[in-house]
Amino acid sequence: MTEAKSELPEVIVVGRPTVFKFYDDELSKKFRMLKSWESSLSLENYICKHAQSVQAMICSPSHIGSQISSSVFRLLPSLRLIVTTSTGLDHIDLVECRRRGISIASASTLFSEDVADFAVGLLIDVVRRISAADRFVKNGLWPRQGQFPLGSKLGSRKVGIVGLGSIGLKVAERLEAFGCTISYQSRNKKPVSHPFYPDVYELATNCDVLVICCALTDQTHHLINKEILLALGKRGVVINIARGAIINEMELVQCLEQGEIAGAGLDVFENEPNVPKELLSLDNVVLTPHIAFFTEDSMRAIYELVCGNLEALFFNKPLISDHSSFG
């Protein structure tokens with residue numbers, strides 16, 4: 001290791017955040033990145049051997065496998081900042097961070113437009129059967145079977161948005177432009193004209209599309225279950241760009257196989273990268289590998305977010321996305 005490299009501020013990286021696939025060289029020129037994924041040691045042993053004195057951490061929920069909790073924090077007594085490359089914070093023990101005075105910087109609203117675009121894309125794909133039609137042509141079925149099955153109209157849909165935060169609001173704006181009727185469920189009523197339902201079951205009863213945009217918490221875990229899906233009805237479509245565990249996947253599979261709902265568009269899953277095998281053979285389901293935020297613009301923005309917050313920490317400046325008062 002060169003002397004210049006060893007003098008860079010040290011940052012432990014937990015998991016392998018996607019930003020490193022695109023900006024590894026740039027980040028490594030500014031900071032000495034202690035990449036736990038490059039070691040065969042467990043995270044706890046890696047920290048004990050290489051990283052006990054670090055003040056900053058970078059992490060990403062889709063590459064951790066478990067929560068960053070008190071057992072990790074005990075090994076990092078100098079930790080002052082966690083930068084997560086996600087919008088959600090469900091992979092971090094927030095209570096322990098608060099107790100220890102550790103600041104958290106997240107992507108916040110950086111991905112909102114890209115994720116909202118993707119949610120709308122999934123919905124259009126499901127109701128107009130675009131991916132299924134693509135397979136129909138590529139598998140040579142058109143000459144043999146003739147007419148492809150009908151899709152359904154988007155503009156007449158009654159869309160219920162679960163979680164009207166930054167992403168949910170942008171989904172509502174986009175679908176309203178298509179002529180959809182919007183209503184929503186959220187923890188609190190928002191200053192918008194869309195009808196508000198405090199209960200998800202009531203929302204589902206009055207809609208034929210649910211778009212899941214809420215955070216994963218103890219309260220929202222398996223929030224979308226068989227009861228909600230049956231309330232949505234046989235024309236119902238579920239879109240999930242939030243967290244996989246918000247939907248009870250096995251009950252979703254049952255409702256899809258039994259024709260209790262019409263289809264689903266899923267970008268997230270409860271045990272990523274593992275997807276329930278039953279979903280793979282369903283033609284009325286569109287599956288993507290947690291890529292709703294995957295654009296060049298978003299990846300550049302997250303690189304700037306990571307660098308900006310780390311530089312702020314090490315140069316004693318205000319963080320650019322501080323969630324110290326979360327909760």
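All values below come from the heavy atoms of this structure, side chains included, with hydrogens, waters and symmetry mates left out. Here the structure is a predicted model, which means the values were calculated and not measured.
Looking at every heavy atom in both residues, Ala119 comes nearest to Ile239 through O-CG2, 3.9 Å. Between Thr220 and Cys214, the closest heavy-atom pair is CG2-SG, 4.2 Å. When every heavy atom of Ser298 is checked against every heavy atom of Leu110, the shortest pair comes out as OG-O, 4.4 Å. The minimum heavy-atom distance between Cys307 and Leu27, with the atom names listed, is SG-CD2, 3.6 Å. Phe136 and Trp142 make their closest contact through CE2-CA, 3.4 Å (heavy atoms, listed as atom of the first residue, atom of the second, distance). Residues Arg100 and Phe73 approach most closely at NE-CB, 3.5 Å, considering heavy atoms.
Leu216 CG to His91 NE2: the interatomic distance, rounded to the nearest 0.5 Å, is 11.5 Å. In this structure, CZ on Arg98 lies 12.0 Å from OG on Ser103, to the nearest 0.5 angstrom. Residue Leu81 holds its CG atom at 10.0 Å from SG of Cys97, rounded to the nearest 0.5 Å. Here Leu230 contributes atom CG and Tyr201 contributes atom OH; the two are 8.5 Å apart, rounded to the nearest 0.5 Å. For the atom pair SG of Cys255 and CD of Glu227, the computed distance is 11.0 Å after rounding to the nearest 0.5 Å. A distance of 13.0 Å separates CZ in Phe314 from NZ in Lys30, rounded to the nearest 0.5 Å.
With hydrophobic clusters built from ILVMFWY side chains whose heavy atoms lie under 4.5 angstrom apart, Leu266 does not share a cluster with Val268. Neither Leu256 nor Ile130 shares a network with the other; the hydrophobic side chains, linked directly or stepwise wherever heavy atoms of I, L, V, M, F, W or Y lie under 4.5 Å apart, form separate groups for each. Cluster annotation: Ile246 is not connected to Val211 through the hydrophobic network of ILVMFWY side chains, with a link wherever side-chain heavy atoms come within less than 4.5 Å. The hydrophobic cluster containing Val115 also contains Ile182, counting ILVMFWY residues as joined when their side-chain heavy atoms lie under 4.5 angstrom apart, directly or transitively. In the hydrophobic clustering of ILVMFWY residues, with side-chain heavy atoms under 4.5 Å counting as a link, Val209 and Ile212 come out apart.
Considering only residues two or more places apart in sequence or on other chains, Asp90 meets the side-chain hydrogen bond (donor to acceptor under 3.5 Å, both in side chains) condition with Arg243. Residues satisfying the side-chain hydrogen bond (donor to acceptor under 3.5 Å, both in side chains) test with Glu249, not counting sequence neighbours, are none. In terms of the salt bridge (charged side-chain N to carboxylate O under 4.0 Å, His left out) criterion, residue partners of Arg235 (sequence neighbours excluded) are, by chain and number, Asp208. Partners of Asn45 according to the side-chain hydrogen bond (donor to acceptor under 3.5 Å, both in side chains) rule, which considers only residues two or more places apart in sequence or in another chain, are Ser42.
Under the 4.5 Å side-chain criterion, counting only non-hydrogen atoms from C-beta, Met299 is in contact with Thr18. Between Ile302 and Leu305, the closest side-chain pair of non-hydrogen atoms falls below 4.5 Å. Contact annotation: the side chain of Leu210 approaches that of Val162 to within less than 4.5 Å [non-hydrogen atoms, C-beta and beyond]. In this structure, the side chains of Val83 and Val11 stay at 4.5 Å or more apart for every pair of heavy atoms. Residues Ile291 and Phe118 are in side-chain contact: their nearest non-hydrogen atoms beyond the backbone lie under 4.5 Å apart.
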Go through it in stages, so that I can follow the logic: the residues are Glu26 and Lys29, the test is salt bridge (Lys or Arg N to Asp or Glu O under 4.0 Å), and I'd like the CA-CA distance, side-chain angles, deciding distance and then a yes or no. CA-CA 5 Å; Glu26 289 87 340; Lys29 288 175 184 176; over 6 Å; no
N/O donor to acceptor pairs below 3.5 angstrom from side-chain atoms of residues 276-287, sequence neighbours left out:
residue: Asp283; atom: OD1; partner: Arg135; partner atom: NE; Å: 3.3
residue: Asp283; atom: OD1; partner: Arg135; partner atom: NH2; Å: 2.6
residue: Asn284; atom: ND2; partner: Ala262; partner atom: O; Å: 2.9

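Ser112 and Thr109 form no side-chain donor-acceptor contact under 3.5 Å, judged by distance and modelled atom types alone. A donor-acceptor pair shorter than 3.5 Å cannot be found between the side chains of Glu251 and His222.
A donor-acceptor pair under 3.5 Å links the side-chain atoms of Asp267 to the main chain of His290, judged by distance alone. Without hydrogens or angle criteria, Asn225 side chain to Ile228 main chain gives a donor-acceptor distance under 3.5 Å. Side chain of Glu311 to backbone of Gly308: no donor-acceptor contact under 3.5 angstrom is found.
The environment of Gln258 atom CD is dense: over 12 non-hydrogen atoms of other residues, nucleotides or ligands sit within 6.0 angstrom. Within a 6.0 Å radius of CH2 in Trp37, other residues, nucleotides and ligands contribute more than 12 heavy atoms. Within 6.0 Å of the CZ atom in Phe178, the count of heavy atoms belonging to other residues, nucleotides or ligands does not exceed 12.
Among pairs with a residue in residues 172-186, those fulfilling side-chain hydrogen bond (donor to acceptor under 3.5 Å, both in side chains) read Asp117-Arg174, at least two apart in sequence or across chains.
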